A.B. asks: 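Okay, here's the structure, questions in a sec.
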2 protein chains.
Amino acid sequence: MEHAPSIDSRNGDGESDEADARAGKVPAGSQTLLRGLDVLEAVVAGPVSLSDLAGGLGLTRSTTHRLANALIERRYLAMAPGRGYQLGPKLLELGFRAQQQIDLVQVARSRLEHLADRSEDTVHLGVRDGDRALYLDKIAGRRRIAISSRVGDRHPLTATGLGKALLIDEPRAAWEALFAADQAGGAVPIAWDVWHDRMQGYVQVGRAFDLEENEDQIRCVAAPVRDVTGRVVGALSVSSAAQYMDDRRMEALTRDVVETARQVSEDLGWSGNSPR
Amino acid sequence: MEHAPSIDSRNGDGESDEADARAGKVPAGSQTLLRGLDVLEAVVAGPVSLSDLAGGLGLTRSTTHRLANALIERRYLAMAPGRGYQLGPKLLELGFRAQQQIDLVQVARSRLEHLADRSEDTVHLGVRDGDRALYLDKIAGRRRIAISSRVGDRHPLTATGLGKALLIDEPRAAWEALFAADQAGGAVPIAWDVWHDRMQGYVQVGRAFDLEENEDQIRCVAAPVRDVTGRVVGALSVSSAAQYMDDRRMEALTRDVVETARQVSEDLGWSGNSPR
DNA sequence: CTATACGTCCCACATCATGGGATGGTAGAG
DNA sequence: CTCTACCATCCCATGATGTGGGACGTATAG
């Protein structure tokens with residue numbers, strides 16, 4: 001107990017459970033590494049001076065300096081002449097490599113499975129491919145109903161829940177063009193005003209519905225997935241027969257679907273700041 | 001000395017200078033952090049198993065596991081079900097933030113100053129802006145010659161060294177179009193065949209010359225700057241009066257200019273792999 | 001079944017990180 | 001100019017911290 005007199009100073013006498021409870025489940029044993037990462041993350045906000053860094057983290061200047069120096073040596077941080085510490089080029093490189101390694105389907109898989117387990121319904125994952133929604137993955141539910149979709153299918157954007165989730169950030173002009181094309185292409189007829197009103201509602205909540213518009217007797221709840229820049233790069237949905245999907249259940253599912261989409265987004269680096 | 005029996009196991013008896021000499025200048029005092037970063041960087045290559053990680057780094061499985069776990073907890077790493085460790089979402093986030101923080105001019109500044117010091121000539125930094133080269137920074141040399149350029153100037157791409165460096169990765173079709181436009185726009189007349197032959201030579205070496213094509217009596221040596229994806233995002237050049245810039249000196253400067261451009265590229269996250 | 005390889009967990013020991021404080025440089029106020 | 005303030009950097013005695021050998025449970029293969 002010689003460092004920070006802050007709330008979280010380590011306790012050498014009490015039970016170690018306290019620490020475990022506080023930190024979640026970090027089993028300790030890497031204080032230096034974790035503190036180093038703290039330093040790294042404290043610099044995200046922008047150029048900071050050493051003292052500010054140390055103060056903000058509850059560390060001494062010595063310790064902070066040593067950690068920051070190691071990070072500079074490895075190019076994780078850089079020193080801006082008269083302004084303080086900045087994020088370094090190594091992070092650009094690692095970020096880029098991470099982007100190359102990450103595959104949406106693989107990342108989303110386990111979360112989709114959990115969602116399917118909880119809902120007992122069929123879960124889909126898809127991306128936009130030109131003017132269609134391309135289905136990349138499907139986890140079958142436990143109910144004995146036929147969802148005719150298959151991985152690799154392309155469906156209209158404006159007539160499926162998943163498609164509408166993919167369009168949730170698009171401007172009205174894009175909506176209109178796609179809507180007209182889908183209507184002309186044989187989608188279930190619907191008035192533009194009705195469709196547009198519904199979409200605006202979906203935008204507010206951050207999720208979309210499909211009310212038997214694409215396939216009779218099938219309804220679904222869908223939410224968009226975003227990457228690190230906040231852009232919509234995919235969407236996921238829960239689909240079921242209308243008999244299991246009354247309005248109340250769709251509302252109830254919303255929470256779970258949106259939350260799952262948020263988790264997948266976080267796995268893609270999104271941190272919740274779409275503006276900027 | 002109980003860890004790794006590898007070549008670099010620490011020595012507790014001899015002089016510590018050995019370690020300093022070997023490691024460059026890391027003054028030690030953050031072993032855990034540095035090892036953690038080693039783990040992180042070892043995962044860049046792709047999914048790796050714990051044992052392979054430990055083996056490759058010369059650490060024990062225990063230590064590696066502890067470090068990797070801490071990195072997973074912080075989302076710097078992720079565990080691919082049956083395939084091993086992967087880079088995690090935090091790196092996507094930090095890489096993105098780093099990209100937002102980094103400014104080409106600011107990053108390049110000190111390196112350009114050193115280059116200007118060594119060459120005693122005027123150094124420019126520029127980017128492509130549509131069909132022109134936009135000059136973002138200028139460090140005046142020590143010679144008493146007039147270089148009429150100013151920060152904010154736009155010059156033809158095909159008639160300046162800096163511009164040609166910016167075009168170094170472009171396909172022949174783009175070269176032809178820009179060349180035709182610049183020639184029509186009043187650039188110093190030159191035959192397409194001659195220009196094209198020279199460009200191909202520049203591409204081989206990774207730098208471009210300006211042989212009094214833009215401004216009479218001014219020659220320059222330029223090299224492209226790349227970002228993390230390998231794309232050319234800027235260029236820098238050394239310019240001087242032709243009397244100081246005979247062919248031999250231009251060749252001699254090439255090394256220094258290319259090296260400086262490489263350093264700036266590394267500051268932008270480039271690691272030397274343009275393919276992929 | 002046994003064998004191999006995986007990730008995980010534990011704990012005594014001593015190596016390594018710690019932080020108080022000293023140092024040198026730079027900028028601004030008086 | 002001096003004095004003060006704040007910066008990053010460096011040093012070193014102390015003990016808290018990370019270490020690695022080895023045990024454990026499980027999964028995949030032979």
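Every value quoted in this text rests on a predicted model; they were computed, and no experiment measured them. Residue numbers start from 1 in every chain, and the chains themselves are labelled A, B, ... in the order their sequence lines are given, proteins ahead of strands.
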A.B. asks: Q31(A) side chain N/O closer than 4.0 Å to the phosphate oxygens (OP1, OP2) of dT18(C)?
C.D. replies: yes
A.B. asks: How close do P224(B) and A261(B) get, heavy atom to heavy atom, and via which atoms?
C.D. replies: O-CB, 3.4 Å
A.B. asks: Can you tell me if R207(A) and T254(A) form a side-chain donor-acceptor pair at under 3.5 Å?
C.D. replies: yes
A.B. asks: Please assess R61(A) against D52(A) for the test salt bridge (charged side-chain N to carboxylate O under 4.0 Å, His left out), listing each intermediate value before the final yes or no.
C.D. replies: CA-CA 9 Å; R61(A) 284 209 324 289; D52(A) 288 350; over 6 Å; no
A.B. asks: Remember a base hit wins even if backbone is also touched, and classify T63(A) as base, sugar-phosphate or nothing at under 4.0 Å, heavy atoms.
C.D. replies: base
A.B. asks: Kindly give the heavy-atom pair with the smallest separation between T260(A) and L115(A), and that separation in Å.
C.D. replies: OG1-CD1, 3.8 Å
A.B. asks: Any N or O donor-acceptor pair linking the side chain of S62(B) to the base of dG21(D) at under 3.5 Å?
C.D. replies: yes
A.B. asks: Please report, rounded to the nearest Å, how far the P atom of dT26(C) is from the CZ atom of R83(A).
C.D. replies: 20 Å
A.B. asks: Please give, in whole Å, the distance from dC24(D) P to L50(B) CG?
C.D. replies: 19 Å
A.B. asks: When the distance from CZ of R35(A) to P of dC16(C) is rounded to whole Å, what number comes out?
C.D. replies: 18 Å
A.B. asks: If you assign L33(B) and I72(B) each to the DNA chain C nucleotide with the nearest heavy atom, which residue ends up on the more 5' nucleotide?
C.D. replies: I72(B)
A.B. asks: Between N69(A) and dT9(D), is there a contact of a side-chain N or O with OP1 or OP2 at under 4.0 Å?
C.D. replies: yes
A.B. asks: How far does the helix from dC1(C)-dG30(D) to dG30(C)-dC1(D) bend, going by the axes of its first and last five pairs, to the nearest 10°?
C.D. replies: 40°
A.B. asks: Please pick, from dG20(C), dT18(C), dT8(C), the nucleotide with the shortest atom-to-atom distance to any side-chain atom of T60(A).
C.D. replies: dG20(C)
A.B. asks: Could you pick out which residue, T32(A) or R61(B), lies toward the 5' side of DNA chain D when each is mapped onto its nearest nucleotide?
C.D. replies: T32(A)
A.B. asks: Going by atom types alone, do R226(A) and S265(A) pair a side-chain donor with an acceptor below 3.5 Å?
C.D. replies: no
A.B. asks: Would you say a side-chain N or O of H65(A) is under 4.0 Å from OP1 or OP2 of dT9(D)?
C.D. replies: yes
A.B. asks: Could you walk me through whether E259(A) and R255(A) pass the salt bridge (charged side-chain N to carboxylate O under 4.0 Å, His left out) test, one step at a time?
C.D. replies: CA-CA 6 Å; E259(A) 171 62 14; R255(A) 182 193 189 81; over 6 Å; no
A.B. asks: Going through the checks in order, is the salt bridge (charged side-chain N to carboxylate O under 4.0 Å, His left out) test met by R75(A) and E93(A)?
C.D. replies: CA-CA 10 Å; R75(A) 302 167 48 87; E93(A) 192 186 327; 5.9 Å; no
A.B. asks: Can you measure D38(B) atom CG to dT19(D) atom C1' for me and round it to whole angstrom units?
C.D. replies: 16 Å
A.B. asks: How close or far is atom P of dC6(D) from atom CG of L53(A), stated in whole angstroms?
C.D. replies: 17 Å
A.B. asks: In terms of the nearest nucleotide of DNA chain D, which residue is placed more toward the 5' end: M79(A) or R66(B)?
C.D. replies: M79(A)
A.B. asks: Could you give the CG-to-P distance, from L59(B) to dG18(D), as a whole number of Å?
C.D. replies: 15 Å
A.B. asks: Of the candidate nucleotides dA8(D), dG7(C), dG18(D), which contains the atom at the shortest distance from the side chain of S49(B)?
C.D. replies: dG7(C)
A.B. asks: For Q86(A) and dA8(D), what is the distance between atoms CD and P respectively, to the nearest whole Å?
C.D. replies: 14 Å
